[in-house]
Colleague: 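My questions all concern the structure below.
Letters go in sequence order (proteins before strands), and every chain restarts at 1.
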Amino acid sequence: MDDSSKKTLSSIPLLKTKAGPRDKDLWPQRLKEEYQALIQYVQNNKDADNDWFRLESNSDGTRWFGKCWTYHNQMKYEFDVEFDIPITFPVTSPEIAIPELDGKTAKMYRGGKICLSDHFKPLWAKNVPKFGIAHAMALGLGPWLAVEVPDLIEKKLIKYKEKA
Amino acid sequence: MSVYDWEEVKRLAADFQKTQFSSISQKLSERNWVEIITKLTQLKLLNVFFTNDGKTYVTPKYLIREIKNELDIHNGRISLIDIAKSLNVDLNIVLSLTHEIIKENTGIKNILGQLINHTYLLYLAEEINDRLQQHGFINITELARTFDLPVDFIHSIIKENYGRIIRIKQDKQDSQIYYTESYLSQSKALVRGALVAIIKPTLISTVINHCGGIKEKVFFSLIDNLVESKQIPGIVTERCGNLCTYIPQIYLKTQSEWINSFYNQNKYLEYDTLSRAGINDPKTFIAKSLNCKEDLQYLRNCVIGQHLIDQIEVSIDEIMISHTWINILNILPSAIDIEDAEMVLKNVLSKFKNLSNVQIFNRTYAVSTSFLNKINSRINEKIIPKNINEAINLGSYEQYLIESKINITSDSDKQELSRKEERKKRANIGKSGGGIQGRETKTKTIKKKYIHKNISKVEPDEENFVKPKGHSYFELVSSDEIRNEVLSDESFQDEEIDNSEFVQEIVHYLYLLVNKAALSLAQTMYEERIANINNSRKKMNAELQDNIISSYQDLKLYYKGIKEFTNENLQISLNKYLLKTTGAQLVNTCFTLINDKNEEICSPELRQKVLSNIENKKLKESFSKLVKGLNGNSVDEFICFVEDALCTLNIMIKKIDKKKEKLFLESHKRALVEKLKETDNPPLILHLISLILFQTVTHNMLNASGKFVSSILNLLEKRLPLEVFEILQRYHCNILIDCAMNAMSVSPVKPQLNAGNHAVSPTATNLTKSSLSSTNNFTPLNLIPEAKPVTPMMIAPNTEKSVDLCIKQPTSNGTVFSISETNPNVFLPNSQNCVENYDTAENLSTDNTQKSIETIAVESKSVVETEEMKTEEVNLEVNESLEITKEIPCQVESVKANEVGNLPIKEEIKESVVNTAENIPNNIEVSPVRKEPIAEINKSVIDFSKMETLSAPKEKVTVEESNVNEEENKSDNITKSTSPRVAKHKAKPLSEPVEEDVADGRKSKRVRLPTQPYQSPIPELQFIAKLNTPIKTTPKNSTEKIIAFYKYLV
């Protein structure tokens, strides 16, 4: 992990509650903590002029969706992102998916689920229940986009879409 | 609670949304800034530079300031690379900026990538100055090296600061070098001092070493400077590399002074000495520096002045006047070697007008021609004639002539022609020069023989001597002889120096000259001699022919004599003997005559040799016959052959007429008588007497050896008076006995025999002598009756008394008395002389007879001993002795015959004269003494029986003795007619001058006659004298016999 990612990670507050959506009592607690962490992370990103996603959840907070983007050669490439909270959450990490890129890259499971790096899962398992959705975004999707998108652009699998 | 919680979740979700959509604050990220500046520089709105790490932008202004600061920090000199490093900017940026800086600022320079400012230049100038002050001089290149700056730049610095900071002088020859003034003046003083101190030529390099510290370049520039300003006393030779020499003036001066003084003193200069004195080119130096007005002669090794040449000229003049020679090396200084001396001599001689007067020998010897002539003439006088004679005599010259002929034929035609011319010339010369050596003819025969013998012995050493023309050369005068002659000259006497080479050359020169002359002289002499030899040869041939004829006649006469013998065997043996002696002689002379080589031929081998060489067939045939005849028995045949041979030789044989024959006989007889006179040997005496008697008896000559004596006696026995024969026989017997006894070596008998022989032999000899004189002198006596015959008279008066007296006392006056009795007028005055003479003769005669008998005795004794008494041998010995003994009685007889014949002379002179040699034998008596010895001999020797048989009939003859006188008278007339002639003819062969005179003139006879007693008294006196000594020991027998004998005579 590089210095900047560590720094980023450290700036995200750690979670305390270990509860999944099935734990009715503790889940809101957990969800609360989740939001607090997200807010802090977004706030950090915005402070660093590095805002790169938008997220919103359903009411019970089991399903998350939103948008994410990245810049390449001073052009902004924006993709839809969605994932579900697994029942075994927080032991199991959420599987983030970008459906529109499904089939375009090898580093993606079926349904557009991104293939996270080898480091992520052990790191996650180690930090249960301290890591939450904000961590998953910062450690999982962020680096994946930074690596995969320029590659895909070069392969001309994705094209810049002018905003209408 | 959960509701609460959920609401809170909702609120939080809303917060989250709110934060997500809240506007982002206006803040440029670093990335943006980089992009912005890049955009600006691209638009050239902004001029900035990145530092090397790219993190910092710097403006040019800042950089310029920084560069200046860096330069100042580094004492005004820094390299651009260093600047770029320290400012952490690109070098190109620095370079571009430095350009701007140099443009703006004149005090800063960029030299070889280094920035240098004014302060550094000042520092540099001061630094150079410091160095100069320290070292005195400075080298720009060195500076450039130490400061790591270009030379030009340093030059420019120096120029900029010249006179201000740096006070120097630039080297004129080398712009790179600068000196300080003080340094220059200091070195100059040093060099000047050094050069002034030098007094001999010195290499500059050594001077430099001594001056120490002054560099060569500086030194040379200083020297040039000094030479220019004439501050040093000397010169510097041309430089080649670093080698050049400084030669001080003082040295040159002393050198030339020395040379001048040497020359003035010695009148020559040796290049060697000059070069040793350091002069490289002596000739030019001499020409330049020698203050000499004379002409100099430049030789190989030296120069000589006119003075020396004058000296040589003078000495050559001298030798020409004094006829000597000179070695100019002795005049010239020792420094001049032979080659130079030779050159000088040649030069000097070339100035002489008459070069022929002087010749050069051994390079440096001047020899006056007169000197050579002097020696040459001396050799011509002394050696040449002698040597030529020798050469001709030894035959070497002849050999040479033969060789040269051979060579000529083998040589090419051209040479032949030239040789012929030469020979013609020689022959011409020879003819003109002949006639001096006439006397050589006498010795020619001997010399000729010599020549033939020595031809092969021509000394080989001489042949090996230098022979310029090789094979055909002949040396007449050897080089040694010439050398001796040359060395004998005065001019060589006082010379201690070794002149051998010179002498050798002179000898060589003279050798050719002299030998050439000698050869031509030899030619003439040889021809002359050949002519002489031819003449003498003719003479000799004539002589030989005479010899041949005379021996031919002898042969014939002898042969006639032999015919007297009746015994055939005897005849044969006599013939053989005749052929052996006279025949051989005849043949030998014949061979000598035909032999070319003028050699006397005396042996059968030589004869054979000559015979084989005869080419003429006829001649060969006749001569081979001759030899054959010589070996045969028949004299008749031989005479035929001889006549043949003589015919082929064209020798006329004259027939012997009676007159000539008589002459021959007479001469032969005289020769025999002459022999008889000379001999003391009894056997020989008997032999001769028998021969003479034979001739007188038979009127034929006989040639027989001693062994025929007995045969002759046999023959004579019949014809001689008994008494005479008796004497002969007795004498013969005595000798035989003597010899036989000696042969038997019977010691006790010996003395007796000796005594007897002593008695017989002297009587025999003496008597024969008297008989001789009688025979010889008969003629004059006949012619002059007044002059009384000597011998017979002497013997006649020898009465018993006188004889006795004589025997006892030989010096008594008995004989004299008797003489005076018969012819007092003539003989008295000489009587004393005679006596004296006999006194002296006495000893000699006795000695001789004794010796002769003793030798016979010894011989026969030894023979007998060695042969161990073999009878045959004894016989032979005895025979020999017999022969000898026979001779003696013969003589005795003849003598006695004379004496007997003389008996009547006492009364009648004419009658005594009649008793010539021819007559006497007829009347010979045999002495009565004879019987006794014969008896003795019969005992010992068998052969004596023969004698007895022979002698027996002779006794009968003795009876006739009394008739002698009558017979004499009968033959008187014959002797009268013959004897005077005989005397005339035979006077010369008989050598006694007395007899000659007697025969020659009548007047002289009277004067001469008194000399006769010398002969006539001899027999008695000598006899007496001889008998005197031996008789002392011997028995009276012998003396008695002699007395009886004399009695008989009386």
Colleague: Side chains of Glu33(A) and Thr17(A): any donor to acceptor distance under 3.5 Å?
Modeller: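 Per modelled atom types, Thr17(A) and Glu33(A) side chains form a pair under 3.5 Å.
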Colleague: Find out whether Arg30(A) and Pro129(A) are in side-chain contact, i.e. whether some heavy atom of one side chain is under 4.5 Å from a heavy atom of the other.
Modeller: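 With C-beta onward as the side chain, the pair touches.
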Colleague: According to the interplanar angle, ranging from 0 to 90°, do the rings of Trp64(A) and Phe16(B) count as parallel (below 30°), tilted (30 to 60°) or perpendicular (above 60°)?
Modeller: perpendicular
Colleague: Search all heavy atoms of Trp124(A) against all heavy atoms of Pro90(A) and return the closest pair with its distance.
Modeller: NE1-O, 3.0 Å
Colleague: Considering only residues two or more places apart or on different chains, which pairs with a residue in residues 89-98 of chain B satisfy side-chain hydrogen bond (donor to acceptor under 3.5 Å, both in side chains)?
Modeller: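 Passing the test, one end in residues 89-98 of chain B: Asp90(B)-Asn92(B).
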Colleague: Please list all pairs meeting side-chain hydrogen bond (donor to acceptor under 3.5 Å, both in side chains) that have one or both residues in residues 127-154 of chain A, counting only residues at least two apart or in different chains.
Modeller: Thr105(A)-Glu148(A), Lys107(A)-Glu148(A), Asp151(A)-Lys155(A)
Colleague: Where does Asn45(A) contact chain B at under 4.5 Å (heavy atoms): side chain, backbone, both or neither?
Modeller: neither
Colleague: In terms of heavy-atom proximity below 4.5 Å to chain B, should Ser59(A) be classed as side chain, backbone, both, or neither?
Modeller: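 For Ser59(A), the contact with chain B is made by the backbone alone.
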Colleague: Go through the atoms of Leu26(A) and report whether side chain, backbone, both or neither lie under 4.5 Å from a heavy atom of chain B.
Modeller: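 Leu26(A) has no heavy atom closer than 4.5 Å to chain B.
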Colleague: Under a 4.5 Å heavy-atom cutoff, which of Arg54(A), Glu34(A), Glu56(A) has the most pairs with chain B?
Modeller: Arg54(A)
Colleague: Tell me the ring pair (Phe, Tyr, Trp, His ring centres under 6.0 Å) pairs involving residues 54-103 of chain B, sequence neighbours left out?
Modeller: Phe50(B)-Tyr57(B)
Colleague: Looking at Ile98(A) and Phe79(A), what are the two nearest heavy atoms and their distance?
Modeller: CG2-CB, 3.7 Å
Colleague: What residues of residues 36-44 of chain A make heavy-atom contacts with chain B at a cutoff under 4.5 angstrom?
Modeller: Gln36(A), Leu38(A), Ile39(A), Val42(A), Gln43(A)
